[in-house]
Amino acid sequence: MTNKRLHVDALVVGGGIAGMQTSLDLGDQGYQVALVEKTASIGGNMVQLSKVFPTLDCASCITTPKMSSVHHHDNIKLLTSSEVQKVTPHGDGFIAEVLLKPTYVNNDTCTGCQKCEEACPVDILDEYDYGFNARRAAYIPFPTAIPYTAVIDMDHCIFCGQCIKACPVPDCIDFNMQPEVIEIETSAIVISTGFKVTPYDAKEEYGAGKFRNVIDGLMMERLLAPTGPYGHVLRPSDGKLPDSIAYVQCAGSRDLTLGVPYCSRVCCMYAIKQAMLLAGALPMADITIYYMDIRTFGKQYEQFYQNAKAMGIEFVKAKVARITEVENQDLNVRVELIDENSQVVERHHDLVVLSVGMLPNYDPQAVFSIDIAEDKFVETPYYHNSPAATTRPGIFAAGTAAGPMDIVDTIVTAGSAAADVAAYIQSHNGHKAETAVETQTTVAERSVDHD
Amino acid sequence: MTISKEEAKAISELMIAKRKEHVETAKAAQQLVKENNAIRRKLKKALKSGPHTIPQLAEETGMETVDVLWHIAAMEKYGAVIEVGMDEDEEYYTYSLAKGVKK
């Protein structure tokens, strides 16, 4: 293992929309940034979405240019397939030990031609499409991945060598690639590790994981996306065009039985958004949203909700008790109608979407020595004055690492984290960012190798 | 890409060494490829007679509809199958073998 050391002003951990925005805001001010992402591509959860609310803009059209800007920015060093393993204090800042995991493909020479992917004989579940489709053991993570380079999945490789034979670039695929550890010396750190959703099978009574046609909101995002697994919204059980789709709200939030007492803040809006998109994609389908109460707190959100109602989406104030599978893998949804004397009824649907909530994606306590709050998201104790500050000076949080929020708020907190980092660096070591124009040395050039 | 005999030999030796290093992974992947290939052969055979929906393919091959859908989606992604239309009731899409695919 080589022992390289990289010198930067800020280390950003997590390459979703929050991490990318923080990196760009700092990089544009002239600060040197290292962005560490554990997967093979930046983009995070957002790049998997179909459209965003309330504007219905294409999510990929917003995310992809930012991904590209990060990749080509002179002041940002992007490290994918990498994880921070250890952080130690160093002068006014920190030294982070980062593990670079082997992808078995040389990112500098891979052209993204996909010849290796075409040649690979192994088809396995594609996690990017939640298993609805396949990917190869030699693959590019998704169509807009950045870096747009292949990865060899060594856990599913048949070791046939077809990928090497098909690759037009000599020595690009390297089965002997080894993990590498580098040290990053930094003045400040931003945690932007994002969220994961409540497991969709957490509530046994809803049958997800057992009944193929009970899915969650992120799965529906893939079905709705133009690059989705089927190219259309089809039922996962049999490829039927769904005729009656139900949404079950608060299926992973505001639920003490799951240990998630908080509201995830995005589920009402993403369900309404998806319902509107479904109404466009499947004009003959009936769409029902079972909800406890609709929370439309953001700018233009209430109007968005009213538009959905005007489009014919049925909103039923009810609590869903149980989902059972009936003939043809259709579903019976047993609901208690809250506004109708708690009457219990059973309604028939052929696809049910659980509006699952948000959980933190990463526990930073062990590596970063910062506190987490009662809800297990990163504690931000000075929220009203310095929203990105954590319990450890010099370490900040951006986006959903600090709590459930939508994309708009994520971008706002990313900007806030960048401002906090800039202020922190200036107050602690007097280092003011060089402007992008003045900066002649890039992150890579400033790096020093210590063998 | 055309490779020389020497290069092919070197790749082959490397893969033999890697298979020895990752015995379980290689075996599991080999089994998976065999199973997938057997299923794809059945699906291609059924599709030879013309466009089919997912339930029709499931009935002809004796497979579960969910598995047929996964394989057809995979075959479509990698160019072996194309979507050609819908059934009479407009409930299901129909799929055909792509041009040039060995039947």
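Every chain is numbered from 1, with letters handed out A, B, ... down the list of sequences.
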Residue part contacting chain B, namely of A:Asp123, when any heavy atom lies under 4.5 Å: both
Identified side chain to side chain contact (heavy atoms under 4.5 Å, CB included) partner of B:Val66 from the options A:Arg235, A:Arg212, A:Gln329: A:Arg212
Intermediate values then yes/no, side-chain contact (heavy atoms from CB on, under 4.5 Å), B:Leu69 and A:Phe132: CA-CA 9 Å; B:Leu69 179 59; A:Phe132 290 142; over 6 Å; no
Residue, of A:Pro242, A:Ser237, A:Pro121, A:Gly161, that accumulates the most heavy atom pairs under 4.5 Å with chain B: A:Ser237
A:Asn176 atom CG, over 12 foreign heavy atoms within 6.0 Å: yes
Heavy-atom pair with the smallest gap, counting every atom of B:Tyr93 and A:Leu241: CE1-CD2, 4.0 Å
Point-to-point distance, once rounded to the nearest 0.5 Å, from CD1 of A:Ile158 to CG of B:Leu32: 8.5 Å
Approximate separation, where rounding is to 0.5 Å, of B:Trp70 CH2 and A:Leu125 CG: 5.5 Å
Whether A:Lys165 side chain and B:Ile3 backbone form a donor-acceptor pair below 3.5 Å: no
Candidate pair B:Ile54 and A:Leu234, rule side-chain contact (heavy atoms from CB on, under 4.5 Å), full reasoning: CA-CA 11 Å; B:Ile54 299 296; A:Leu234 304 179; over 6 Å; no
Side-chain H-bond candidate by donor/acceptor type, A:Glu117 with B:Tyr78, under 3.5 Å: yes
Residue among A:Ala137, A:Cys157, A:Ala119 with most heavy-atom pairs under 4.5 Å to chain B: A:Cys157
Structural part of A:Ile124 lying under 4.5 Å from a heavy atom of chain B: both
Choice from A:Arg136, A:His156, A:Met284 maximising heavy atom contacts with chain B below 4.5 Å: A:Arg136
B:Glu59 atom CD, neighbour heavy-atom count above 12 within 6.0 Å: no
Atom NZ of A:Lys115: over 12 foreign heavy atoms under 6.0 Å: no
Flag side-chain contact, heavy atom, 4.5 Å: B:Glu83 against A:Tyr230: no
Taking every non-hydrogen atom, the tightest pair across A:Met154 and B:His22: CG-CE1, 4.4 Å
Rounded distance [0.5 Å steps], NZ in B:Lys77 versus CG in A:Asp129: 6.5 Å
Distance, nearest 0.5 Å, that separates CZ of A:Phe159 from CD1 of B:Ile16: 13.0 Å
Crowding at CD, A:Glu118 (>12 non-hydrogen neighbours, <6.0 Å): yes
Under 3.5 Å donor-acceptor, B:Lys18 side chain and A:Phe175 backbone: yes
Within 6.0 angstrom of A:Glu204 CD, more than 12 heavy atoms from elsewhere: no
Closest approach of B:Ala74 to A:Ala134 (non-hydrogen atoms, all atoms of both residues): CB-CB, 3.5 Å
Part of A:Asp243 lying under 4.5 Å from any heavy atom of chain B: neither
Part of B:Met86 within contact of chain A (heavy atom distance under 4.5 Å): side chain
Atom NZ of A:Lys203: over 12 foreign heavy atoms under 6.0 Å: yes
